[in-house]
Amino acid sequence: MSDASNARSWVVQSVQPFLPATRITCVIVGNEVLSGGDTAAMQSLLPAMQAVHQALVDLGLDGQVSVSTSQSVNVLASSYPPSSGVFREELAQFMEPLLDFLARVGSPFLINAYPFFAYKASPATVSLPYVLFEPNPGVHDPGANLTYDNMLYAQIDAVYAAMEAMGHTDVGVRISETGWPSGGDADEVGATVPNAAAYNRNLMKRVAAGQGTPRRPDVPVDVLVFALFNENLKPGQASERNYGLFYPNGTSVYDLGLDDGTSPTTSGFYSSSKPMISFPVGVVVLLAAFFL
């Protein structure tokens, strides 16, 4: 995708024919590339993003389709407290030009964030209400004099702090993946149907209300909930096969409480003055693979 002709061909075949009938808001080039060990992919990430963006510009599509890339929270060397957020030192050579590009084209920084992993790793010290958006005393960040009542918003603000440390206050943060498994192996503490239902239901209510984070209270949080269906053939621990809102046969894993007036809409990754929920049922996001 770092080759201009390949990028244009991909956009012509995979994006252009489906507009405007399908609302495509973002092309995500690569998933968690910078937290992996593939140096060639890391070096090709920004050129691939630039090539895809240029193809969209040449075809007159850049006004409706943005370009970004999804990264894991593991790109952070520090995330607690949120005000101490900083990117890993060895990633600076990739992160600085990446942020410059996102700022120039007006695209958000996308992050995959799963508070479940923090709870699973240390259930004795991580508060379950804190990670599920349930009532709790909160966690105070003395560096910014802010208090957080949930871990996801703390992770978002840690990314904001890391970008500010690199001189960028002009790039938004969007959640490209978050969710909670409804089942898991015996050692996967917290992977239950009630917890999954609570996490997604409470998160959707927050997003629908247009609530921002403590560090960015006026910037509504946009999320993409992972995932629409359970991936019943996926390898790995049992939790990997149980993130879905629906079973593969189309029946619901649990009640999301959408009959209370909270319903998914097609919002994409960009906030507006009208509170919206970005939700797999209503958002189309294309993942551009690398052709190296």
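For the single chain, residues carry numbers from 1 onward in sequence order. FYI, side chains are in, hydrogens and waters are out, and symmetry mates aren't considered; it's all heavy atoms of this structure.
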Can you tell me if [X] uses its side chain to pair, donor with acceptor, with the backbone of [Y] under 3.5 Å?
X	Y	value
Ser35	Glu32	yes
Asn230	Gly244	yes
Arg8	Val52	no
Ser176	Ile111	yes
Asn202	Leu132	yes
Asn242	Ala238	yes
Gln71	Leu34	yes
Thr192	Asn195	yes

Which atom of [X] lies closest to which atom of [Y], heavy atoms considered:
X	Y	result
Ser44	Ser2	O-CB, 4.3 Å
Val171	Ser107	CG1-O, 3.8 Å
Tyr254	Ser182	CE2-CB, 4.3 Å
Asp218	Pro220	O-CD, 3.4 Å
Val207	Val221	CG1-O, 3.3 Å
Ala113	Ile175	CB-CD1, 4.2 Å

Near Phe117 CZ, under 6.0 Å, is it more than 12 heavy atoms from other residues, nucleotides or ligands?
yes
According to side chain to side chain donor-acceptor pair (under 3.5 Å), who are the partners of [X], at least two apart in sequence or on a separate chain?
X	value
Thr147	His140
Ser84	Ser78
Arg206	Asp149, Gln211
Asp58	Gln54

Scan residues 177-187 for pairs that pass salt bridge (Lys or Arg N to Asp or Glu O under 4.0 Å), counting only residues two or more places apart or in two chains.
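Counting only pairs at least two positions apart or across chains, no salt bridge (Lys or Arg N to Asp or Glu O under 4.0 Å) contact touches residues 177-187.
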If you group Ile, Leu, Val, Met, Phe, Trp and Tyr by side-chain heavy-atom gaps below 4.5 Å, do Val86 and Tyr160 land in one group?
no
Side-chain heavy atoms nearer than 4.5 Å, only ILVMFWY residues, links allowed to pass through others: does that put Val67 and Val57 together?
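The answer is no; the residues belong to distinct hydrophobic clusters.
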Are the side chains of [Y] and [X] in contact, using a 4.5 Å heavy-atom criterion?
X	Y	result
Phe246	Thr251	no
Thr69	Phe109	no
Leu19	Thr22	no
Val11	Val27	no
Asp38	Val33	no
Val75	Met95	yes

May I ask you to check whether Phe133 and Tyr199 place their ring centers less than 6.0 Å from one another?
yes
Measure centre to centre between the rings of Tyr114 and Tyr243, then say whether the value is under 6.0 Å.
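Between Tyr114 and Tyr243, the centre distance is under 6.0 Å.
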Please assess Leu99 against Phe87 for the test side-chain contact (heavy atoms from CB on, under 4.5 Å), listing each intermediate value before the final yes or no.
CA-CA 12 Å; Leu99 293 176; Phe87 292 116; 4.1 Å; yes
Quick one: do Arg241 and Glu231 make a salt bridge, cutoff under 4.0 Å?
no
Presence of salt bridge, Glu164 and Arg216, under 4.0 angstrom:
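The answer is yes: the pair qualifies as a salt bridge.
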Just how far is it from atom CG of Asn232 to atom CD of Glu240, taken to the nearest 0.5 Å?
13.5 Å
Find the distance between CD (Gln64) and CZ (Arg23) and round it off to the nearest 0.5 Å.
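The distance works out to 10.0 Å.
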Show your reasoning for whether side-chain contact (heavy atoms from CB on, under 4.5 Å) applies to Ser83 and Arg215.
CA-CA 9 Å; Ser83 60; Arg215 196 178 188 95; 4.0 Å; yes
Angle class for the Phe116/Trp180 ring planes (parallel below 30°, perpendicular above 60°, tilted otherwise)?
perpendicular
Mind checking what makes salt bridge (Lys or Arg N to Asp or Glu O under 4.0 Å) contact with Glu89, not counting sequence neighbours?
none
With side-chain contact (heavy atoms from CB on, under 4.5 Å) as the test, would you mind laying out the steps for Leu146 and Tyr148 before giving the verdict?
CA-CA 7 Å; Leu146 297 171; Tyr148 291 82; 3.9 Å; yes
Looking only at the side chains, is there a donor atom on one of Asn112 and Ser72 sitting less than 3.5 Å from an acceptor on the other?
no
